[in-house]
Amino acid sequence: AQKITQTQPGMFVQEKEAVTLDCTYDTSDQSYGLFWYKQPSSGEMIFLIYQGSYDEQNATEGRYSLNFQKARKSANLVISASQLGDSAMYFCAMRVNNAGNMLTFGGGTRLMVKP
Amino acid sequence: SAVISQKPSRDICQRGTSLTIQCQVDSQVTMMFWYRQQPGQSLTLIATANQGSEATYESGFVIDKFPISRPNLTFSTLTVSNMSPEDSSIYLCSVGDRGRPGETQYFGPGTRLLVL
């Protein structure tokens, strides 16, 4: 079975600073994908970034980057130059490629950006 | 990515009644999924909605409580039956995009359900 752990229930960051949201995962499969989603108070789930287990380079999407450390089974999200609009819940999720298409989600981290 | 809409966006229902949630996608997709997010919790997969066959339910979810229809490749419904206050949640549908790395799933805006 797959498991995703997000150990930070809540975090504060000063506007314009960078912040790292932690995510560790557990799977015995070698082929998998890791995803980060943002959920504002409106409730929608917004896809941010994806990292495949065989990708050699860390994924980047604008101000989002993923610090992928395969040996440690961690996939931390880094948000650079935080903005007030980044205040939201952030979820890490995993999909194991030979176990169907289901996503397993972590418990989430609430990020609050201070002006 | 696909544009996904859900109806209703929110509802308040009495216990013992049922609510049907609709999910519409602007393009044909093979995989559609239904998730539940209980208050303050993460997302849990209810079932995978398969076109032309019965939905595949995850452990802890049964067809009698959460019947799902998938009449075509752009539409699905989830019914929450015989509701109790414990069913108060956000219900989200998602679709898998096979053209994206990892077959990224994109989510609809969600349906906020409150059961009194």
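Every heavy atom of this structure was used, including side-chain atoms; hydrogens, water molecules and symmetry mates were not. Below, chains carry the letters A, B, ... as their sequence lines are ordered, and counting in each starts from 1.
- Within 6.0 Å of NZ in A:Lys114 there are more than 12 heavy atoms belonging to other residues, nucleotides or ligands.
- The distance from the CG atom of A:Leu48 to the OG1 atom of B:Thr104 is 11.0 Å, given to the nearest 0.5 Å.
- Counting heavy-atom neighbours within 6.0 Å of B:Lys7 NZ, excluding the residue itself, gives a total of 12 or less.
- Heavy atoms of other residues, nucleotides or ligands lying less than 6.0 angstrom from CZ of A:Arg110 number 12 at most.
- In this structure, the separation between CD on B:Glu103 and OH on A:Tyr50 is 9.0 Å, given to the nearest 0.5 Å.
- Only the side chain of A:Tyr37 has a heavy atom closer than 4.5 Å to any heavy atom of chain B.
- Here the straight-line distance linking atom OG1 of B:Thr56 with atom CE of A:Met102 works out to 11.5 Å at 0.5 Å rounding.
- Residue B:Gln37 touches chain A through its side chain alone, counting heavy-atom pairs closer than 4.5 Å.
- Contacts of A:Gln39 with chain B are made by side-chain atoms alone, with heavy-atom separations under 4.5 Å and no backbone atom involved.
- Looking at A:Ser42, only its backbone comes within 4.5 Å of chain B, counting heavy atoms on both sides.
- Contacts with chain B were tallied for A:Met89, A:Arg95, A:Gln51, A:Gln6; A:Arg95 has the most, counting heavy-atom pairs under 4.5 Å.
- Looking at B:Thr48, there are no atoms closer than 4.5 Å to chain A (heavy atoms on both sides), in backbone or side chain.
- Of the possible donor and acceptor atoms, none in the side chain of B:Ser42 sits under 3.5 Å from a partner among the backbone N and O of A:Gly108.
- When heavy atoms are compared at a cutoff of 4.5 Å, B:Leu43 approaches chain A by way of both its backbone and its side chain.
- Between B:Arg100 and A:Phe47, some side-chain heavy-atom pair lies under the 4.5 Å cut-off.
- Within a 6.0 Å radius of CZ in A:Arg63, other residues, nucleotides and ligands contribute more than 12 heavy atoms.
- Through direct or relayed side-chain contacts under 4.5 Å between Ile, Leu, Val, Met, Phe, Trp and Tyr, B:Tyr91 connects to B:Leu19, B:Ile21, B:Trp34, B:Ile46, B:Tyr57, B:Phe61, B:Ile63, B:Phe66, B:Ile68, B:Leu78, B:Val80, B:Met83, B:Leu113, B:Val115.
- B:Phe33 is not listed as a side-chain neighbour of A:Leu103, based on a closest heavy-atom distance of 4.5 Å or more.
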